[in-house]
**Q** 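Below is one structure. I have some questions about it.
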Amino acid sequence: MKYIEWAGKNFIGLFEAGGEQFMGYMTGIVPLLIVLLTFTYSVIAFIGEERVDRAIRYCSKYMVLRYSLMPILAVLMLTNPMAYTFGKFVKEEEKPAFYDAAVSFVHPVTGLFPYANAGELFVYLGIANGVMEAGYSQSSLAVRYFLVGVVVILMRGIVTERLTKFMMAKEAKKAQA
């Protein structure tokens with residue numbers, strides 16, 4: 001009987017702990033996410049969608065901007081998964097590389113801009129709690145995570161673009177033969 005009582009108490013305790021965690025999010029992170037998202041859309045409205053479009057088209061012309069600034073803007077302005085729609089601004093052979101860069105950036109952005117990929121927030125906060133327990137700053141982790149993310153997306157974009165162009169050229173030769 002003691003085992004059944006213990007199981008019942010701890011089973012319900014699991015849901016009580018989940019409810020407490022949920023309420024913590026509702027009073028903490030959810031309002032923050034809403035305000036950040038509202039701010040981002042306000043900035044876009046203030047600047048003007050046409051100007052934003054022109055800036056993105058400009059970025060798409062240059063490899064370094066295409067795989068650094070462009071995915072950053074896409075993820076910050078449109079969030080995951082809408083960020084991938086910025087791929088409409090790049091040439092067909094550059095689309096896989098842009099997607100690779102953008103999808104790789106939705107994780108490192110979470111520490112500084114949690115609204116951009118709220119689904120990843122739980123993973124990031126788990127890592128951040130471990131870092132804080134070790135005596136380090138969560139802010140420092142977020143900035144480093146972001147900066148390393150920028151370097152990684154640039155490298156991934158360049159490598160993926162070159163691989164895509166190589167494979168497309170190989171297929172074109174094969175089709176001619």
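FYI, side chains are in, hydrogens and waters are out, and symmetry mates aren't considered; it's all heavy atoms of this structure.
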**Q** Report yes or no: does Thr85 contribute a side-chain atom to a donor-acceptor pair with the main-chain N or O of Met82 at less than 3.5 Å?
**A** yes
**Q** Answer with yes or no after comparing the ring centroid distance for Tyr124 and Tyr145 against a 6.0 Å cut-off, counting only values under it.
**A** yes
**Q** Using the side chain to side chain contact (heavy atoms under 4.5 Å, CB included) rule, take His107 and Asn117 through it: C-alpha gap first, then chi angles, then the decisive distance, then the call.
**A** CA-CA 7 Å; His107 304 291; Asn117 189 19; 4.0 Å; yes
**Q** Please enumerate all residues that pass salt bridge (charged side-chain N to carboxylate O under 4.0 Å, His left out) together with Glu120, with sequence neighbours excluded.
**A**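 Residues passing salt bridge (charged side-chain N to carboxylate O under 4.0 Å, His left out) with Glu120: none at all.
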**Q** Just do the side chain to side chain contact (heavy atoms under 4.5 Å, CB included) check on Tyr84 and Val106 with the steps written out, would you?
**A** CA-CA 10 Å; Tyr84 313 125; Val106 296; 3.9 Å; yes
**Q** Run the numbers on Gln138 and Val131 for side chain to side chain contact (heavy atoms under 4.5 Å, CB included), then give the verdict.
**A** CA-CA 7 Å; Gln138 182 178 351; Val131 166; over 6 Å; no
**Q** Honestly curious: do Met155 and Val109 fall in one hydrophobic cluster under the side-chain, below-4.5 Å linking rule?
**A** no
**Q** Linking I/L/V/M/F/W/Y whenever their side-chain heavy atoms sit closer than 4.5 Å, directly or via other members, would Leu141 and Tyr136 fall into one cluster?
**A**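 Linked within one cluster.
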**Q** When the aromatic ring centroids of Phe105 and Phe146 are compared, is their separation below 6.0 Å?
**A**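 Yes, the ring centres sit under 6.0 Å apart.
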**Q** Connecting only ILVMFWY residues whose side-chain heavy atoms lie within less than 4.5 Å of each other, what is the rest of Val152's hydrophobic cluster?
**A** Val148
**Q** Is Val159 reachable from Val151 through a run of hydrophobic residues whose side-chain heavy atoms are each under 4.5 Å from the next?
**A** no
**Q** Kindly say whether Val75 contributes a backbone atom to a donor-acceptor pair with the side chain of Thr79 at under 3.5 angstrom?
**A** no
**Q** Does the side chain to side chain contact (heavy atoms under 4.5 Å, CB included) test come out yes or no for Met70 and Phe98, once each step is laid out?
**A** CA-CA 9 Å; Met70 199 170 154; Phe98 174 76; 3.9 Å; yes
**Q** So, using salt bridge (charged side-chain N to carboxylate O under 4.0 Å, His left out) as the criterion, who are the partners of Lys91 when residues are at least two apart?
**A** none
**Q** Set out, in order, the CA-CA distance, both residues' side-chain angles and the distance that settles side-chain hydrogen bond (donor to acceptor under 3.5 Å, both in side chains) for Arg66 and Ser60, then state yes or no.
**A** CA-CA 5 Å; Arg66 187 169 50 244; Ser60 71; over 6 Å; no
**Q** Are the side chain of Asn129 and the backbone N or O of Leu125 linked by a donor-acceptor pair below 3.5 Å?
**A**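 Yes.
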**Q** Salt-bridge test for Glu161 and Lys165: reply yes if a basic N is under 4.0 Å from a carboxylate O, no otherwise.
**A** yes
**Q** Just wondering, more than 12 heavy atoms not from Met167 lying within 6.0 Å of its CE?
**A** no
